[in-house]
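Written below as structure tokens is the structure these notes are about.
In each ligand, atom 1 is the first atom listed, and ligand 1 is the first ligand listed.
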Amino acid sequence: MPKADNIGEQNYDVIVVGAGFAGMYALHHLRGLGFSVHVLEAGGDVGGTWYWNRYPGARCDVESMSYSYSFDDDLQQEWTWSKRYAEQPEILAYANHVANRFDLRRDIAFDTKVKSARFDEAAGLWHIETGKGGRLAARFCIMATGSLSTPKLPEIEGIGQFRGACYHTAAWPHEEVAFAGKRVALIGTGATGMQAAPVIARDAAQLTVFQRTANFSVPAWNHDLSDDEITEWKANYDHWRNRERSTHSGFHNEGGHPSIEDLDEHERLDVLEAGWQRGGLLMWNVFSDLMTSREANDAATAFIHNKIRKIVNDPETAELLCPKSHPVGSKRLCVDSGYYETFNRDNVSLVDIGSEPIERITENGLVQAGAEHGFDIIVFATGFDAMTGTMLRMDVRGRNGIALQEKWRDGPASYLGIAISGFPNLFTITGPGSPSVLAHVVMSIEQHVDWIADCLVHMRANGLDAIEASPEAEEAWTAHVQDVAAGTFYPEASSWYMGANVPGKPRVFMPYTGGAHKYRKRCNQIAAAGYEGFVLSPQGEESDTQVLATRRSAQ
Ligand code: NA7
């Protein structure tokens with residue numbers, strides 16, 4: 001495979017956009033296979049999600065022994081996690097350890113945001129322009145841009161007028177934010193708001209939580225890992241990783257009862273209670289038909305409502321906290337450490353903005369239900385323009401100059417969540433149409449990077465220069481993603497999975513709900529069948545641009 005060879009640009013085999021967990025592994029793996037790789041990262045260092053999300057209480061909802069790379073046994077043996085669920089500083093330290101261990105930073109440009117990525121058909125190259133005016137070219141471009149990387153502020157009038165301190169949880173300052181003695185407004189009660197609330201409440205003079213939709217949460221029961229737990233995992237990592245790869249969710253501890261219908265009232269409650277006591281993402285280990293059986297979902301809903309009513313002292317607040325607008329699991333289930341208990345504190349109150357929205361933000365606070373409420377700090381835990389937001393903010397253009405914004409006008413179309421028809425040699429890691437946010441994301445990242453790396457090696461060995469998803473394969477896969485989701489409760493919620501949190505965004509269910517294990521098998525079958533559904537083109541004659549570039553460089 002010839003190297004990119006254009007004048008005035010830095011040329012590589014592969015440009016990777018993003019130095020989070022996906023970009024870091026893509027760099028390491030592809031570099032090891034002899035490709036020249038360069039990574040462009042908007043942040044000041046590695047870590048992606050864990051670089052940006054430094055808000056109080058930020059923690060991973062996947063267990064730490066599992067939420068790590070599996071590609072190198074020495075790496076997984078040498079790193080020791082402290083808690084069942086790792087907190088953000090520890091995960092960022094892990095990302096730094098990986099970057100140091102594999103000397104990744106020498107091929108990463110930090111503080112470098114991609115402005116545009118354009119495919120040059122004549123040369124068969126991707127031309128990348130950065131916000132700093134840098135120009136690079138590569139045969140392949142890999143978007144390792146993350147599913148939750150473009151923070152979303154709410155559309156509230158006057159949002160820029162507030163004179164106090166204002167933060168979005170996903171753009172949190174590196175310096176400590178002092179809440180002591182402060183009146184704090186927290187807007188948003190998803191996974192992030194629920195993690196932040198108990199921690200802010202401990203320090204703040206007063207915390208007011210503004211809730212538009214009540215969400216379901218299950219306790220994390222976070223604790224220090226014992227030496228025995230760590231030793232057991234490390235001795236059996238192969239077993240646990242294989243187990244992860246064989247489940248729907250990618251979690252080692254998935255294992256719900258096959259169907260609620262086999263259980264009587266008593267047994268159902270026992271299963272739910274056991275799930276609650278285990279804690280964490282309970283939806284994967286109570287009833288396997290939770291997302292398809294109304295009976296199962298209603299039983300879990302009633303069970304969680306009762307838990308909330310038992311924990312929260314004030315009956316009115318408890319009732320407001322009981323989610324009633326959507327089935328359990330159809331919005332991302334939250335995993336908390338004392339969220340519901342926080343509302344028993346004297347310095348915490350809950351305001352329902354589902355029925356009476358915030359009217360505007362003022363210099364001193366915000367107006368809601370006709371009254372102005374004064375605050376010193378506003379925290380927006382209002383989520384992300386998920387799954388497509390980051391790529392659509394770049395000017396990505398494929399064959400014939402077609403813009404990705406145009407192509408995805410009615411929602412993302414993708415083959416396997418890996419490739420897009422009309423955009424040759426462009427790959428998306430955990431893109432829309434793959435299990436991504438519905439599965440163990442580090443596992444999903446490794447699967448995509450391995451698949452792409454195998455593909456590039458196959459192309460190099462066979463003198464192939466270009467790969468592109470066929471329109472038919474893309475259409476069929478995109479329809480399949482919708483069909484599978486339609487058989488579940490997922491599309492019933494106004495969730496970010498559906499694009500519902502961003503005004504004007506097409507309402508299309510984006511992740512693949514068919515199961516990470518089945519998805520992996522399908523990807524492998526497609527590769528084994530010679531990349532079925534893709535068009536692979538042999539190395540052609542040198543294009544005019546390349547001939548010209550070669551002549552110039554020879555002069
Ligand atoms: P989420 O899950 O999108 O939650 C955002 C929260 O902010 C949610 O409660 C929203 O209410 C609320 N929100 C969003 N926009 C507004 C406006 N305009 N007014 C009031 N409230 C609003 O984001 P998170 O950061 O918590 O979690 C994202 C993922 O990160 C999480 O799932 C994990 O995978 C990690 P809504 O429910 O939309 O009514």
Checking T430 against H448: is there a side-chain donor and acceptor pair closer than 3.5 Å? no
Does Q447 form a side chain to side chain donor-acceptor pair (under 3.5 Å) with R245? I'd like the steps, not just the answer. CA-CA 9 Å; Q447 186 230 335; R245 292 180 194 118; over 6 Å; no
Taking only heavy atoms of P154 into account, list the atoms of ligand 1 that are under 4.0 Å away from them. 17 (C), 18 (N)
How far is atom 38 (O) of ligand 1 from its nearest protein heavy atom, and which residue and atom is that? R212 NH2, 2.9 Å
Check whether any N or O atom of T192, backbone or side chain, sits under 3.5 Å from an N or O atom of ligand 1, and answer yes or no. yes
Among non-hydrogen protein atoms, atom 37 (O) of ligand 1 lies closest to K331 NZ, 2.5 Å
Y69 vs Y25 aromatic rings, parallel, tilted or perpendicular, using cut-offs 30° and 60°? tilted
Identity and separation of the nearest protein heavy atom to atom 20 (C) of ligand 1: I353 CD1, 3.5 Å
To the nearest 0.1 Å, how far is atom 39 (O) of ligand 1 from its closest protein heavy atom, and which atom is that? T213 OG1, 2.4 Å
Exactly one candidate in R294, K331, R507 meets salt bridge (Lys or Arg N to Asp or Glu O under 4.0 Å) with E492; the answer is R294
Tell me whether the rings of Y490 and Y497 are parallel (<30°), tilted (30 to 60°) or perpendicular (>60°). perpendicular
Sub-3.5 Å N/O-N/O distance, S494 and ligand 1: no
Please list the nearest protein heavy atom to atom 6 (C) of ligand 1 with its residue and the distance rounded to 0.1 Å. A381 O, 3.3 Å
Both conditions, 6.0 Å and 45 degrees, for the charged tip of R183 above the ring of F179: are they met here? no
Would you check whether T189 reaches within less than 4.0 Å of ligand 1, judged by its heavy atoms? yes
protein heavy-atom neighbour closest to atom 2 (O) of ligand 1 works out as W496 NE1, 3.3 Å
Heavy-atom distances under 4.0 Å are what count here, so tell me which part of F384 touches ligand 1: side chain, backbone, both or neither. side chain
Look at the aromatic rings of Y167 and W172 and report parallel, tilted or perpendicular, splitting at 30° and 60°. tilted
Which bit of L148 gets closer than 4.0 Å to ligand 1, counting heavy atoms only: side chain, backbone, both or neither? side chain
Using the ring of each side chain (for Trp, its six-membered ring), is F21 parallel, tilted or perpendicular to Y67, with breaks at 30° and 60°? tilted
For A191, take its heavy atoms, then give the atoms of ligand 1 lying under 4.0 Å from any of them. 26 (O), 31 (C)
Looking at atom 33 (C) of ligand 1, what's its closest protein heavy atom, distance included? R332 NH2, 3.5 Å
Has E63 got a side-chain atom pairing as donor or acceptor with Y85's backbone, closer than 3.5 angstrom? no
Identity and separation of the nearest protein heavy atom to atom 12 (C) of ligand 1: G188 CA, 3.7 Å
Between Y512 and W477, what is the ring plane arrangement, given parallel below 30°, perpendicular above 60°, and tilted in between? tilted
